[in-house]
Structures are given as structure tokens and as C-alpha cells.
Participant: 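Let me give you the structure first, and then I'll get to my questions.
The figures here come from the full heavy-atom set of this structure, side chains too, leaving out hydrogens, waters and symmetry mates.
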Amino acid sequence: LFSACMIGLGRAVGETMIVLMAAGGTAVMNMNIFSGFRTLSANIATELMPAEDLALGEGTMDGVVCRLAAHHFHDLPKFLREVYRVLVPGGWFLLVDTCGIDDDAMADSGLDAIERLRDPSHVRNLTPNTWRTVLETNGFEVEKFEMLAHEYVVKGWMDRMRVEEPQRSQLCEMMESSEGALREYL
């Protein structure tokens, strides 16, 4: 389908890169802040570097994939400037991440409180409108923006982060007592 030199960030290290490679891309680098991950293909080299400071030359990548990681970045505008810098002219950027709640600041703050209690490394879910603005401000043209509903299995969602008591009970209470846009989101 296409041929590209790509980097994957966050959870793009794995299934996402395999699918892209199967479609004709050549994954030259995956970056992950987690230790102990497996290299999944001979076409993948692994590097450990902050997403906000990519140790790559300007205009060296055809594509960048960032999957379910951007809400952990402390300097999102700097990360986006770095992605833009390393892309060749006309290169592509695939971003998949969780989003906050548009048009209801209280609901969005409630969601943020839930996420931070569950995962201390969580920084912030941007709302869809904020994502569009931040991407365009940093030089990107948004060609497609899609929101997909995701149903959480609360126990598994907490187990993945090894949430223990009393945070487990607090999270359940926060979700059960939620109202309005937050309740609808959850």
C-alpha cells in the first residue's frame, strides 16, 4: 500500500508497527520509555529517547506513529514540533490517543482527576477541539479526525495499572457518582 521509513512512539511499538510494515512500510525505529519490551521484527531498531527531543535528523522520516502515549508527555507542543521537524516534506503523522471532554470544563476536569488517580504518569487528555488547535498551531494539517467510543472493563482498566486500595474504591465511587457529560463519556 505504501513505502515509508517510520518511527513509532509509545504503544505504537508493537502491533501498530507490524500492521504498517505488512502494508509495505519499513519501520526503522521504535522508541519506548518502557524496559523489557520485545523487538518484534528484524526491521525494527530500538532506541530510548524522550519524545520531546527526538535524536533524529531534520526531514528524515516519512511517517511518525504515536499511539496512546501523548497524554503522558509533559511538553506536548515541543513533542509536536519535534515530529514536524523530523518528517520529510509531505510526511504523515498518525496520532491515536485518548481525548478529554469538549464543551464541559467540569466534566473534563472530573475525567482528568479519574485518570490521574488511576495512573500517576498521566499528564492530560486533550479535548478534540484542543487537539485540532494544537496540531494546526504546530504546523500540521488535520486530514482526518475520528472519535471512537471505547467501552471500559473497569476491573481490567485498573488491573493494568496495578491500582490498589484505597484508590480502587475511590475510582469506583468517582465513576459511579459521575453525572452529565462525564457519566456519558464513561
Participant: Between CD1 of Ile101 and CG of Asn125, what distance do you get to the nearest 0.5 Å?
Facilitator: 9.0 Å
Participant: In terms of hydrophobic clustering (I, L, V, M, F, W, Y; side-chain heavy atoms under 4.5 Å; direct or indirect links), are Leu186 and Val153 co-clustered?
Facilitator: no
Participant: In the structure I gave you, are the side-chain heavy atoms of His150 and Trp157 within less than 4.5 Å of one another anywhere?
Facilitator: no
Participant: Identify the two heavy atoms, one from Trp92 and one from Leu87, that lie closest to each other, and give their separation to 0.1 Å.
Facilitator: O-CD2, 3.4 Å
Participant: Side chain to side chain donor-acceptor pair (under 3.5 Å) with Thr127: which residues, sequence neighbours excluded?
Facilitator: Asp102, Thr130
Participant: Salt bridge check, Arg168 against Glu165: does any charged N sit closer than 4.0 Å to a carboxylate O?
Facilitator: no
Participant: SG/Cys99 to CG/Leu126 distance, rounded to the nearest 0.5 angstrom?
Facilitator: 7.5 Å
Participant: On a heavy-atom basis, which atom in Phe93 and which in Leu80 lie closest, and how many Å separate them?
Facilitator: CE2-CD2, 3.7 Å
Participant: Roughly how far, to the nearest 0.5 Å, is CE of Met158 from CG of Asp119?
Facilitator: 13.5 Å
Participant: Output every pair passing side-chain hydrogen bond (donor to acceptor under 3.5 Å, both in side chains) with a member in residues 172-186, not counting sequence neighbours, ordered by first then second residue.
Facilitator: none
Participant: Decide whether Val83 and Val88 are clustered together by the hydrophobic rule: side chain heavy atoms of Ile, Leu, Val, Met, Phe, Trp, Tyr closer than 4.5 Å, transitively.
Facilitator: no
Participant: Rounded to the nearest 0.5 Å, how far does CG of Leu95 lie from CG of Leu68?
Facilitator: 9.0 Å
Participant: Rounded to the nearest 0.5 Å, how far apart are CD of Gln167 and CZ of Arg162?
Facilitator: 15.0 Å
Participant: Do other residues, nucleotides or ligands put more than 12 heavy atoms under 6.0 Å from the CE atom of Met106?
Facilitator: no
Participant: When you compare the side chain of Asp103 with that of Asn129, does any pair of heavy atoms fall below 4.5 Å?
Facilitator: yes
Participant: Give the minimum heavy-atom separation between Tyr84 and Gly139, together with the two atoms involved.
Facilitator: CE1-O, 3.1 Å
Participant: Looking at Glu52 and Phe73, would you say the former's side chain and the latter's main chain have a donor-acceptor pair under 3.5 Å?
Facilitator: no
Participant: Just say parallel, tilted or perpendicular for the rings of His72 and His122, cut-offs at 30° and 60°.
Facilitator: perpendicular
Participant: Can you check whether Leu54 reaches Val64 side chain to side chain, under 4.5 Å on heavy atoms?
Facilitator: no
Participant: Using the side-chain contact (heavy atoms from CB on, under 4.5 Å) rule, pick out the option among Asp112, Val123, Asp97, Leu76 that qualifies with His71.
Facilitator: Asp97
Participant: Sorted by first residue and then second, give each salt bridge (Lys or Arg N to Asp or Glu O under 4.0 Å) pair with at least one member in residues 130-142; sequence neighbours left out.
Facilitator: none
Participant: Which heavy atom of Ala181 sits nearest a heavy atom of Asp104, and at what distance?
Facilitator: CB-OD2, 3.5 Å
Participant: Which atoms form the tightest heavy-atom contact between Arg85 and Leu56, and what is the distance?
Facilitator: NH1-O, 2.8 Å
Participant: How many angstroms lie between CZ in Arg116 and OG in Ser121, if you round to the nearest 0.5 Å?
Facilitator: 10.5 Å
Participant: Minimum heavy-atom separation for Pro128 to Gly100, with atom names?
Facilitator: CD-O, 3.6 Å
